[in-house]
Trainee: 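Take this structure, written in structure tokens, and hold onto it; I'll ask about it next.
Scope of the values below: all heavy atoms of this structure, side chains included, with no hydrogens, waters or symmetry mates. Here is the naming used below: chain letters follow the sequence lines, and residue numbers restart at 1 for every chain.
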2 protein chains.
Amino acid sequence: MRFHSPSIQYFHAVRRTGSIRAAARVLNVASSAVSRQILKLEQEVGSPLFERNARGLTLTTVGEMLARHVMNVLQDLDRFRSDVASLSGAWSGTVSIACIESLTESVLPDLIASHRGRARRVSFTTEVKGSSDVLEALSRGEADIGIAMALRHPPDLRQVALKRFRLGAVVAREHPLARRKTVTLEQCLAFPVINALPELSIFHLLQPLIAQLPETPEPAIQANSIDLMRELAARGVGVAFQTQLGINRLSRDSRLVFLPLDNAGSPVWSDLGIYVRAERTLPAYTESFLQELVRELGDRERRENTAYPPTP
Amino acid sequence: MRFHSPSIQYFHAVRRTGSIRAAARVLNVASSAVSRQILKLEQEVGSPLFERNARGLTLTTVGEMLARHVMNVLQDLDRFRSDVASLSGAWSGTVSIACIESLTESVLPDLIASHRGRARRVSFTTEVKGSSDVLEALSRGEADIGIAMALRHPPDLRQVALKRFRLGAVVAREHPLARRKTVTLEQCLAFPVINALPELSIFHLLQPLIAQLPETPEPAIQANSIDLMRELAARGVGVAFQTQLGINRLSRDSRLVFLPLDNAGSPVWSDLGIYVRAERTLPAYTESFLQELVRELGDRERRENTAYPPTP
DNA sequence: CGGGTTGATGCCGTTTCGGCAACAGCTATA
DNA sequence: TATAGCTGTTGCCGAAACGGCATCAACCCG
């Protein structure tokens with residue numbers, strides 16, 4: 001089912017790989033064929049699409065415009081294919097997800113497992129990235145659904161939902177703070193803390209708050225893995241911070257205690273956004289999973305706000 | 001700039017014309033070429049796209065799915081083209097509008113005239129239809145912007161805005177009702193009325209109200225042209241009904257008086273919707289005009305609600 | 001029962017496409 | 001500085017796809 005000119009498929013491959021020869025390898029054709037199709041495209045558009053650097057190709061402004069169009073075409077072709085397939089009962093396809101690490105410990109595995117229990121023919125590809133990388137992967141068409149910190153998102157993305165979870169400290173059960181109901185940042189900083197590196201979204205949440213404090217103590221440990229940070233906290237190394245998305249896992253882990261964080265008397269929120277390319281209609285199976293994801297995150301948001309109600 | 005397979009262009013032409021030979025004439029190619037491309041498409045999709053009737057071709061279910069995809073592709077190609085063109089300063093293109101008759105007397109001509117004053121290179125195509133035909137033309141990709149009565153719209157259309165205007169009676173200045181501030185339906189029906197035919201949206205607004213009345217008098221005249229109905233009213237033939245969109249024109253026309261209609265003590269609203277295909281990004285020049293249209297209709301809505309405030 | 005459609009097919013010249021090999025330009029490494 | 005390895009581009013040629021012409025079978029309407 002390949003009823004689009006080879007040009008746009010070749011263009012798409014070249015854009016992704018950044019090189020004509022690499023694209024040719026992926027496409028299993030000769031590089032000369034790819035080169036010619038690109039030249040023909042440029043002649044028809046009437047403007048160069050790539051800047052030829054010695055090390056490969058980079059999109060020009062017009063090239064980026066065409067890339068957007070080609071992405072729209074190919075993604076909509078995917079949707080059409082899946083629509084036709086679902087007509088004959090074959091509900092199959094691959095959902096590609098890009099998300100930040102907070103989701104990996106329970107939300108995503110739970111959801112994927114349950115979804116595959118019902119729809120065996122739908123497979124998943126997930127990639128964990130930093131928030132801005134998630135949005136970029138979505139823009140570049142490398143993922144269908146993105147979950148990231150709700151920062152400013154580019155106009156070519158659509159925010160499907162916005163859920164807020166409370167940020168908190170994670171300490172070992174024996175930690176002096178462990179018996180409190182909530183903690184403030186000052187109270188945490190009295191102890192060794194395990195700080196997130198800038199790649200993690202927690203960094204960008206805590207950084208402005210720490211900057212407001214009169215003194216900025218040296219962090220004991222810095223890391224870029226939430227898992228590692230939590231394991232360090234469990235061993236009593238210090239205070240870690242994370243959004244309370246792993247409420248199930250944490251409550252099962254008897255070594256750890258989650259303490260909602262307060263700042264100037266009000267909770268510290270971590271806003272999670274679910275994103276999708278705006279100029280796109282999702283295939284039915286992707287849309288279905290997206291709805292489940294939104295519902296599940298809504299449920300967790302509600303559940304945690306009752307478990308840890310905002311201090312008045 | 002034709003970088004899509006001939007297949008999809010041919011398919012698009014066949015869908016619009018409903019015949020292979022007619023499509024071939026439009027495309028300036030031999031009918032055999034068109035026939036072969038369609039057959040190839042069907043082979044690649046793995047399912048027939050048209051039902052061959054003796055008199056022409058009709059889309060199958062799969063064919064309609066492909067039609068949707070092809071429409072998305074071609075409309076997005078248009079947008080891409082205009083984006084590239086606007087990069088080199090050429091802000092040009094054609095905005096295609098389908099709307100109901102109420103717009104023709106002042107809203108649309110005013111707006112188009114003023115827009116063309118600023119953007120000389122943007123041309124317009126407008127087609128007046130009934131509300132359901134407007135929506136259908138939009139769905140079939142034959143118009144960019146649709147303005148119609150806000151009924152239930154198909155899911156492939158997006159309602160950009162919803163504006164409500166007051167429905168009223170139009171009578172000659174010498175008419176016995178002309179001195180009133182507002183009128184009720186009963187008061188109007190005491191006189192000869194000029195009824196709208198079902199093709200006009202006014203029919204669908206008034207019909208349910210008339211059906212509620214104890215007695216349904218014979219209409220004096222039925223017509224399917226708002227213009228004609230208004231001219232008849234000006235000659236004292238009877239009471240006409242219309243939405244108060246031509247406030248400028250009516251206030252200039254000294255022969256006529258507009259009387260807001262009340263029913264059971266509350267105004268009778270005529271909801272006007274502005275529609276666009278959902279799975280589509282508009283070219284910049286179309287988007288620009290759309291914004292002006294929404295703003296203008298919003299202005300009129302506000303102006304008329306102050307001119308004729310709802311009776312409390 | 002013919003005259004007008006309709007879409008489909010066989011044949012054939014033209015166009016396009018893709019693979020192979022060679023080329024020039026650049027970078028990194030020896 | 002020379003060389004090996006990479007890049008994209010270009011001639012050449014065979015293969016595949018496309019389009020035009022003429023023809024055919026099926027259908028509708030008068």
Trainee: Quick check: does any side chain N or O of A/S5 sit under 3.5 Å from a backbone N or O of B/S5, one acting as donor and the other as acceptor?
Mentor: yes
Trainee: Would you give the length of the straight line joining atom CD1 of A/I97 to atom CD1 of A/I274, rounded to the nearest 0.5 angstrom?
Mentor: 10.5 Å
Trainee: Would you please name every residue forming a ring pair (Phe, Tyr, Trp, His ring centres under 6.0 Å) with B/F50, sequence neighbours left out?
Mentor: B/F11
Trainee: Which residues pass the side-chain contact (heavy atoms from CB on, under 4.5 Å) test with B/S86, sequence neighbours left out?
Mentor: B/W91
Trainee: Atom CD of B/Q9 to atom P of D/dG19: distance rounded to whole Å?
Mentor: 11 Å
Trainee: Give B/L39 one of three labels, base, sugar-phosphate or nothing, depending on what nucleic acid heavy atoms sit under 4.0 Å from its own.
Mentor: sugar-phosphate
Trainee: Output the rounded distance in Å from CD1 (A/I20) to C1' (D/dT10).
Mentor: 13 Å
Trainee: Counting only heavy atoms and a strict 4.0 angstrom limit, can you tell me which residues of residues 43-53 of chain B come near DNA chain D?
Mentor: none
Trainee: Answer yes if the side chains of B/S139 and B/D156 hold a donor-acceptor pair under 3.5 Å, and no otherwise.
Mentor: yes
Trainee: Would you tabulate the pairs of protein nitrogen or oxygen atoms and nucleotide nitrogen or oxygen atoms of nucleotides 1-3 of chain D closer than 3.5 angstrom?
Mentor:
none

Trainee: Taking only residues two or more places apart in sequence or in another chain, which ones pass ring pair (Phe, Tyr, Trp, His ring centres under 6.0 Å) with B/F80?
Mentor: A/H69
Trainee: Is the phosphate of D/dT9, meaning OP1 or OP2, less than 4.0 Å from a side-chain N or O of A/S35?
Mentor: yes
Trainee: Tell me, which of residues 58-70 of chain A have any heavy atom that sits under 4.0 Å from an atom in DNA chain D?
Mentor: none
Trainee: Donor-acceptor check, side chain of A/T286 to backbone of A/L282, threshold 3.5 angstrom: yes or no?
Mentor: no
Trainee: Do A/N195 and A/Q222 pair up side chain to side chain, a donor and an acceptor below 3.5 Å, judged on atom types alone?
Mentor: no
Trainee: The helix from C/dC1-D/dG30 to C/dA30-D/dT1: angle between its terminal axes, five pairs each, to 10°?
Mentor: 30°
Trainee: Rounded to the nearest 0.5 Å, what separation is found between the CG atom of A/L108 and the SG atom of A/C99?
Mentor: 5.0 Å
Trainee: Does any pair with a residue in residues 47-57 of chain A pass side-chain hydrogen bond (donor to acceptor under 3.5 Å, both in side chains), and if so which ones, sequence neighbours excluded?
Mentor: A/E42-A/R52, A/N53-A/T58
Trainee: Between N or O atoms, less than 3.5 Å apart, protein on one side and nucleotides 16-22 of chain C on the other: list the pairs.
Mentor:
residue	atom	partner	partner atom	Å
C/dG18	OP1	A/Y10	OH	2.9
C/dG18	OP2	A/Q37	NE2	3.2
C/dG19	OP2	A/A30	N	2.6
C/dG19	N7	A/S32	OG	3.4
C/dG19	O6	A/R36	NH2	2.4
C/dC20	N4	A/S32	OG	3.0

Trainee: Under 4.0 Å, counting only non-hydrogen atoms across every strand here, what does B/L57 touch: a base, just sugar-phosphate, or nothing?
Mentor: sugar-phosphate
Trainee: Ignoring hydrogens and angles, state whether a donor on the side chain of A/N224 or A/E199 is under 3.5 Å from an acceptor on the partner side chain.
Mentor: yes
Trainee: Test of understanding: with side chain to side chain donor-acceptor pair (under 3.5 Å), list the residues that count as partners of A/S92, not counting sequence neighbours.
Mentor: none
Trainee: Tell me whether A/T125 contacts the main-chain N or O of A/T94 through its side chain, where contact means a donor paired with an acceptor under 3.5 Å.
Mentor: no
Trainee: Checking the side chain of A/H153 only, and the main-chain atoms of A/R158 only, is there a donor and an acceptor separated by less than 3.5 Å?
Mentor: no
Trainee: Between B/H4 and A/H4, is there a donor-acceptor pair closer than 3.5 Å when you use the side chain of the first and the backbone of the second?
Mentor: no
Trainee: Quick test: give all pairs of protein nitrogen or oxygen and nucleotides 26-30 of chain D nitrogen or oxygen below 3.5 Å, distance rounded to 0.1 Å.
Mentor:
none

Trainee: For a quick test of your reading: what N or O donor-acceptor pairs under 3.5 Å do the side chains of residues 19-39 of chain B make, sequence neighbours left out?
Mentor:
residue	atom	partner	partner atom	Å
B/S19	OG	B/R21	N	3.3
B/S19	OG	B/A22	N	3.1

